[in-house]
Amino acid sequence: MRFSKMLIPTLREVPSDAEAISHKLMLRAGYVRQLAAGLYVYLPLGLRVINKIHAILKEEMDAIGAQEITMPVLHPAEIWQQTGRWQAIGDEMFRLKDRTGRDMCLGMTHEEIMTWLASREIRSYRDLPQMWYQIQTKLRDEARPKSGVLRTREFIMKDSYSFDASEDGLEKSYRLHEGAYHRIFKRCGLNFYQVESDPGMMGGAISHEFMAPSPAGEDEVALCDKCGYAANVELALSVLPKVEFEEWEFEEIHTPEKRTVQEVSNFLKLSPAYFIKSILVISDSGPVLALVRGDQDLHEKKLSKIIGNHRPAQKTEVKDILGIEAGFIGPMNQKVRIIADTILEKGCYVSGANKPHYHAKGIRAGKDFSTEWYDIHVAKEGDGCAKCGNRLRIERCIEIGNIFKLGTKYSVPLKAVYLDENGTEMPVIMGSYGIGPARIAAAAIEQNNDKDGIVWPKSIAPFNVEILPLNVKDVKTVEVAEKLYKDLTEKGIEVLMDDRDERAGIKFKDADLIGIPVQVILGEKNLKEGLVEIKDRRTKEAVKVKIEEVMIDRV
RNA sequence: CGGGGCGUAGCGCAGUCUGGCUAGCGCACCUGCCUUGGGAGCAGGGGGUCGGAGGUUCGAAUCCUCUCGCCCCGACCA
């Protein structure tokens with residue numbers, strides 16, 4: 001392609017409402033434009049990158065035997081009502097009515113529709129297994145679109161679904177996807193981790209996320225470099241740094257107006273690790289007192305798995321239910337259900353004395369209170385790995401893909417069943433697997449850029465080579481540029497030629513910004529000696545080669 | 001949905017507190033000259049319902065009310 005014929009609106013200045021590096025660079029380099037919050041136009045360069053990623057996705061999905069199909073984006077409500085997700089999902093689903101008043105929605109994902117298809121077309125164990133995928137638009141009315149194309153309201157997803165006759169079959173399909181995902185992200189030039197994740201509203205028991213480390217990400221993962229434990233902090237387990245306990249006798253201490261752990265800690269000159277933090281929450285089945293160590297934070301998602309939906313109690317509720325003002329609550333003599341973090345099983349602690357302006361010292365589990373034990377704290381940097389004890393690292397990441405074992409969550413309500421060898425009707429066992437191509441592109445930029453712009457991995461760059469004829473008024477320069485352009489293109493190399501009548505400086509700046517991996521620079525002086533320059537975008541290293549050797553060097 | 005910030009030319013911004021010349025600057029854009037190895041230089045030029053509606057006032061980008069949009073933090077999140 002000729003630069004002069006292509007829409008590549010590079011920007012000298014950064015649009016003020018871009019924050020993430022990938023967002024700034026995609027805008028500046030002319031890859032995307034924003035239509036509205038969470039809605040993006042992909043310009044020619046951007047589309048080329050996305051298409052490169054799609055091609056890799058298709059190759060790797062085809063390679064594990066998945067079959068490409070395509071499904072509607074507009075769905076009738078009935079199918080979503082049958083699985084319960086019409087009700088379960090809130091404002092995040094775009095809903096509308098057709099002209100006859102029938103409820104419809106825009107697809108945020110396609111479990112329901114894929115399962116609907118399976119229910120009609122799969123009859124026998126002989127039809128299984130099946131893996132179907134599509135590269136299709138999803139719509140979600142995100143509460144907060146952000147960071148450019150990283151979180152949008154309309155986006156493309158590669159989503160695939162597996163249908164098996166047995167758990168073993170599901171395991172195989174799951175492993176096939178796992179392998180394909182590793183190959184895909186590797187081919188796209190990304191650094192990434194596979195981590196354990198929370199299945200959330202997808203249902204099912206086991207799921208993993210693929211995470212590309214980047215400060216622009218929205219997730220945090222806990223990583224153990226020794227044993228390889230890797231999990232989203234939404235469920236990561238950890239053991240806490242030990243503290244040396246003293247053999248305190250139980251005593252009440254006057255702590256006037258000292259309510260928070262920090263205040264009492266300062267007042268008593270005692271580390272927060274010696275405190276029990278007591279938090280009252282209101283669950284659907286009544287109040288629950290959650291206990292974590294004073295230097296820890298309560299993990300609400302972990303608690304939800306134990307007691308279901310809950311919310312923090314209001315101050316008046318605390319007083320009504322426990323008979324004491326918040327700030328002086330302790331776990332002793334409580335009638336409500338208590339859930340405590342396992343770390344508190346051992347040790348001797350300080351907590352509220354259930355008496356205004358008093359705290360109690362010398363509290364021990366078993367002696368002073370009884371409880372149910374769970375890991376309910378947030379894993380933090382420096383905690384011990386729950387598997388091997390080694391120090392955990394926490395890293396911020398972009399979620400670029402995920403894989404779920406769904407089981408029969410969708411096949412049962414939608415009656416996707418088959419007859420087994422004995423003629424018994426059985427629900428199909430399913431898995432679902434997603435990848436966001438735009439997130440791959442953004443993560444690739446986040447991980448590969450410098451002060452001058454993007455440095456694309458070769459596999460997903462919009463072009464392989466950019467030719468820079470520095471002075472298009474020079475006959476020799478144009479002659480050589482045209483010949484190189486023709487020869488390289490005929491060899492199947494994708495070439496962008498900056499044929500604009502611009503100054504050299506502008507061409508260099510734009511080339512670096514756009515980030516095509518290889519630059520072939522044609523300057524008048526070098527050409528007189530029969531030389532051109534080949535420059536690596538990443539290293540900025542340039543070598544001079546004879547004009548006729550450009551081909552050899554490249555091919 | 002809660003908190004914060006911002007809407008003035010294609011982009012980046014000043015002007016708003018304290019109402020008053022014809023609404024400014026840089027970049028980009030158009031014309032000409034010049035220039036061609038890192039976003040040049042000179043000269044001339046085009047482009048604005050100051051997000052929108054209503055109000056106060058002799059007079060509103062500026063003050064008041066309402067409203068729409070965008071960004072950030074949090075909540076939420078297949």
Side-chain angles (χ1 to χ4, degrees), chain A residues 9-20 23-24 27-28 30 33-39 80 83 85 88-94 105-114 136 138-148 150-153 155 157-159 161 197-204 207 209 216 218-219 232 234 300-301 304 309 311-312 399 401-404 406 409-410 432-436 451-453 468-474 477-478 498 500-513 519 521-527 532-533 535 540 542 544:
Chain A
T10 58
L11 266 28
R12 189 183 298 229
E13 286 176 285
V14 193
S16 62
D17 53 6
E19 192 83 5
H23 189 196
K24 288 180 187 169
L27 288 170
R28 280 196 61 208
R33 287 294 182 263
Q34 186 183 47
L35 171 66
L39 298 175
W80 286 82
T83 62
R85 291 212 289 186
I89 297 171
D91 293 338
E92 202 170 325
M93 182 183 276
F94 282 109
C105 66
L106 301 179
M108 5 192 344
T109 178
H110 280 80
E111 280 77 17
E112 275 79 359
I113 314 305
M114 285 279 179
Q136 177 64 286
K138 313 288 180 201
L139 291 123
R140 295 180 191 171
D141 196 355
E142 288 285 350
R144 180 141 99 87
K146 58 182 285 203
S147 308
L150 281 176
R151 180 168 287 270
T152 55
R153 294 193 292 178
F155 59 97
M157 187 195 287
K158 185 293 300 173
D159 50 326
Y161 304 83
S197 72
D198 181 352
M201 91 173 229
M202 291 296 290
S207 65
E209 287 165 335
E218 299 180 86
D219 288 273
N232 195 307
E234 288 179 355
E300 302 201 359
K301 283 202 173 162
S304 289
N309 282 335
R311 59 171 175 83
E399 181 188 353
N402 52 36
I403 52 181
F404 293 91
L406 298 176
K409 173 173 166 140
Y410 299 91
S432 89
Y433 317 89
I435 286 181
K451 66 173 172 47
D452 295 312
L468 285 79
L470 296 184
N471 182 0
V472 295
K473 294 226 168 81
D474 178 62
T477 301
V478 172
D498 194 345
R500 296 174 301 170
D501 183 12
E502 291 286 358
R503 300 171 57 80
I506 289 178
K507 295 191 180 192
F508 284 127
K509 288 289 184 190
D510 275 346
D512 287 349
L513 186 56
Q519 299 171 3
I521 299 162
L522 311 188
E524 282 180 76
K525 288 189 194 108
N526 283 328
L527 287 176
V532 301
E533 212 172 331
K535 188 167 166 187
K540 297 277 177 86
K544 289 181 186 176

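None of the values given here were measured: they were computed from a predicted structure. Numbered from 1 within each chain, the chains take letters A, B, ... in sequence-line order.
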Whole angstroms only, please: what is the CD-P distance between A:Q519 and B:G37? 16 Å
Nucleotide of B:C72, B:A40, B:G37 approaching A:R144 most closely (side-chain heavy atoms): B:C72
Gap between atoms CD and C1', on A:E218 and B:A75 respectively (whole Å): 13 Å
Is it true that the NZ or CZ of A:K535 lies under 6.0 Å from the centre of A:F508's six-membered ring and within 45 degrees of the ring axis? yes
Is the phosphate of B:C73 approached by A:K146 (side-chain N or O, under 4.0 Å from OP1 or OP2)? yes
Where the side chain of A:P15 is concerned, which of B:C71, B:C73, B:G12 is the nearest nucleotide? B:G12
When the C1' atoms of B:C6 and B:G15 are considered, how many whole Å apart are they? 16 Å
How far, in whole Å, is B:A53 from B:G69 if one measures between their C1' atoms? 15 Å
For nucleotides B:U16 and B:G24, find the distance between their P atoms and express it as a whole number of Å. 15 Å
Can you tell me which nucleotide in B:G39, B:U35, B:G12 comes closest to the side chain of A:T10? B:G39
Expressed as a whole number of angstroms, how long is the span from A:E502:CD to B:C34:P? 18 Å
Exactly one of A:T477, A:N526, A:I521 should register a side-chain contact (heavy atoms from CB on, under 4.5 Å) with A:L470. Which one does? A:I521
When you check the side-chain N and O atoms of A:K146 and A:H23, is any donor under 3.5 Å from an acceptor? no
Euclidean distance, atom CG of residue A:D498 to atom P of B:G39 [Å, nearest integer]: 15 Å
For A:D474, report the nucleic acid contact type (base, sugar-phosphate, nothing); a contact means any heavy atom under 4.0 Å. nothing
Need one value for A:D501: base, sugar-phosphate or nothing, where a base atom within 4.0 Å counts as base even if backbone is also close, heavy atoms only. base
Find the partner of B:U16: check Watson-Crick (N1-N3 plus N6-O4 or O6-N4) and G-U wobble (N1-O2, O6-N3) distances, both under 3.5 Å, and reply none if neither fits. none
Which distance, rounded to the nearest 0.5 Å, do you find between the CD1 of A:I506 and the CZ of A:R12? 6.5 Å
Pair A:E111 + A:R85: basic N to acidic O under 4.0 Å: yes
Using a 4.0 Å heavy-atom cut-off across all strands, classify A:Q34 as base, sugar-phosphate, or nothing. sugar-phosphate
Counting only side-chain heavy atoms from C-beta out, which of B:U36, B:C13, B:C72 sits nearest to A:S16? B:C13
Check every strand shown and say whether A:A143 touches a base, only sugar-phosphate, or nothing at a heavy-atom separation below 4.0 Å. base
Among B:C72, B:G37, B:A40, which nucleotide sits nearest the side chain of A:R503? B:A40
With a 4.0 Å cut-off on heavy atoms, is A:V14 in touch with a base, just the backbone sugar-phosphate, or nothing at all? sugar-phosphate
What does A:A18 touch in the nucleic acid at a heavy-atom separation under 4.0 angstrom: a base, only the sugar-phosphate, or nothing? nothing
Interatomic distance at C1', B:U49 relative to B:G54, whole Å: 16 Å
Rounding to the closest angstrom, what is the interatomic distance between B:C50 and B:U62 at atom P? 9 Å
Looking across every strand, which nucleic acid part, if any, lies under 4.0 Å from A:S147 by heavy atom: base, sugar-phosphate, or nothing? sugar-phosphate
When you match A:K535 and A:E142 each to their closest nucleotide on RNA chain B, which lands nearer the 5' end? A:K535
Which listed nucleotide (B:C70, B:C72, B:A40) is nearest to the side chain of A:R12? B:A40
Students often get this wrong, so: under 4.0 angstrom with heavy atoms, is A:D91 touching a base, only sugar-phosphate, or nothing? nothing
Could you tell me the separation between the CE atom of A:M93 and the C1' atom of B:C76, rounded to a whole number of Å? 16 Å
From the candidates B:G26, B:C72, B:G38, the one with an atom nearest any side-chain atom of A:E13 is B:G26
Just verifying a value: how many Å separate A:Q519 CD and A:K507 NZ, rounded to the nearest 0.5 Å? 12.5 Å
Mind checking the CZ-CG spacing from A:F404 to A:D198? Nearest 0.5 Å is all I need. 8.5 Å
Please state the C1' separation for the pair B:G4 and B:G45 - nearest whole angstrom. 43 Å
A:R28 (side chain) and B:G39 (base): donor-acceptor pair under 3.5 Å: yes
Rounded to the Å, how far apart are A:D510 CG and B:A40 P? 11 Å
Base, sugar-phosphate alone, or nothing: which one does A:L35 contact when heavy atoms must sit under 4.0 Å apart? nothing
Rounded to whole angstrom, note down the C1' distance from B:G19 over to B:C64. 13 Å
Quick check: on RNA chain B, is the nucleotide nearest A:G148 upstream (toward 5') of the one nearest A:N526, or the reverse? Name the residue that is more 5'. A:N526
Taking the C1' atom of each, how far is B:U8 from B:G26, in whole Å? 15 Å
